[in-house]
Amino acid sequence: MAELVGPRLYSCCNCRNHVCLHDDVISKAFQGRKGRAFLFSHAMNIVLGPKEDRLLMTGLHTVADIYCRDCREVLGWKYERAYEENQKYKEGKYILEKSKIIKENWY
């Protein structure tokens with residue numbers, strides 16, 4: 001009998017709430033607050049914090065922290081606006097810190 005395999009997911013490290021799909025990874029070469037981070041095109045089951053301007057390694061951006069909808073763990077941030085032209089591709093994308101997410105359905 002064939003085993004049904006769902007999509008590869010990333011979940012909140014604290015409560016295992018599904019927060020993003022592996023297929024939505026744009027890059028694994030980003031830096032978060034506390035180490036490596038991934039850039040995603042979409043995220044789910046999250047809550048956005050207030051927008052704020054933040055000076056990051058690549059310049060000034062308007063960002064909103066993202067929290068797990070279930071346990072409120074801070075997972076990363078959403079890029080709302082990039083002020084430099086070569087950073088505009090990040091707008092509307094999500095940074096999730098590698099230390100805050102775990103793999104699900106990776107067979």
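All values reported here derive from a predicted model rather than from experimental measurement.
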Query raised in the report: Residues two or more places apart in sequence or in another chain: which of them pass side-chain hydrogen bond (donor to acceptor under 3.5 Å, both in side chains) with Ser27?
Result: none
Query - CD-NZ distance between Gln31 and Lys98, expressed to the nearest 0.5 angstrom - result: 12.0 Å
**Report entry** With sequence neighbours excluded, residues passing side-chain hydrogen bond (donor to acceptor under 3.5 Å, both in side chains) with Arg16
**Finding:** Glu104
Query raised in the report: Going by the salt bridge (Lys or Arg N to Asp or Glu O under 4.0 Å) test, which pairs reach into residues 17-36, not counting sequence neighbours?
Result: Arg33-Asp65
Solution key, residues 72-82 side-chain donor-acceptor pairs under 3.5 Å, sequence neighbours excluded:
{"unit_1": "Arg72", "atom_1": "NH1", "unit_2": "Arg69", "atom_2": "O", "d": "2.5"}
{"unit_1": "Glu73", "atom_1": "OE2", "unit_2": "Lys100", "atom_2": "NZ", "d": "2.7"}

Query raised in the report: Looking at residues at least two apart in the chain, or sitting in another chain, which of them share a salt bridge (charged side-chain N to carboxylate O under 4.0 Å, His left out) with Lys88?
Result: Glu91
Requested in this report: Would you please name every residue forming a ring-ring contact (aromatic ring centres under 6.0 Å, His included) with His42, sequence neighbours left out?
Outcome: none
Query raised in the report: Nearest heavy-atom pair of Cys15 and Cys68: which atoms, and what distance?
Result: SG-SG, 3.5 Å
Query raised in the report: Mind checking what makes ring-ring contact (aromatic ring centres under 6.0 Å, His included) contact with Phe30, not counting sequence neighbours?
Result: none
Query raised in the report: Got Asn86 and Thr58 here, is their nearest side-chain heavy-atom distance under 4.5 Å?
Result: no
Query - Thr62: side-chain hydrogen bond (donor to acceptor under 3.5 Å, both in side chains) partners, not counting sequence neighbours - result: Asp53, Tyr83
Requested in this report: Check for a donor-acceptor pair, side chain of Asn14 on one end and backbone N or O of Cys71 on the other, with a separation under 3.5 Å.
Outcome: no
**Report entry** Within-4.5 Å side-chain heavy-atom neighbours: Val47 and Ile66
**Finding:** no
Query raised in the report: In chain order, what residues pass the side-chain hydrogen bond (donor to acceptor under 3.5 Å, both in side chains) check against Glu84, with sequence neighbours excluded?
Result: none
Query raised in the report: Got Asp70 and Cys12 here, is their nearest side-chain heavy-atom distance under 4.5 Å?
Result: no
Query - Partners meeting ring-ring contact (aromatic ring centres under 6.0 Å, His included) with Tyr10 (sequence neighbours left out) - result: Phe38, Phe40, Trp106
Report summary line: In this structure, OG of Ser11 is separated from CG of Asn17 (nearest 0.5 Å) by 7.0 Å
Query - Hydrophobic cluster identity match, Leu56 and Tyr89, side-chain contacts under 4.5 Å - result: yes
Query raised in the report: Apart from Leu9 itself, which Ile, Leu, Val, Met, Phe, Trp or Tyr residues share its cluster (side-chain heavy atoms under 4.5 Å, direct or through members)?
Result: Leu21, Met44
Query raised in the report: When hydrophobic residues are tied together by side-chain contacts of less than 4.5 Å, even through go-betweens, does Ile26 share a cluster with Val19?
Result: no
Requested in this report: Examine Val25 and Ile102 and state if one hydrophobic cluster contains both, with Ile, Leu, Val, Met, Phe, Trp and Tyr joined whenever side-chain heavy atoms are less than 4.5 Å apart.
Outcome: no
Query raised in the report: Are Val63 and Ile95 connected in the hydrophobic side-chain network, where two residues link if heavy atoms are under 4.5 Å apart?
Result: yes
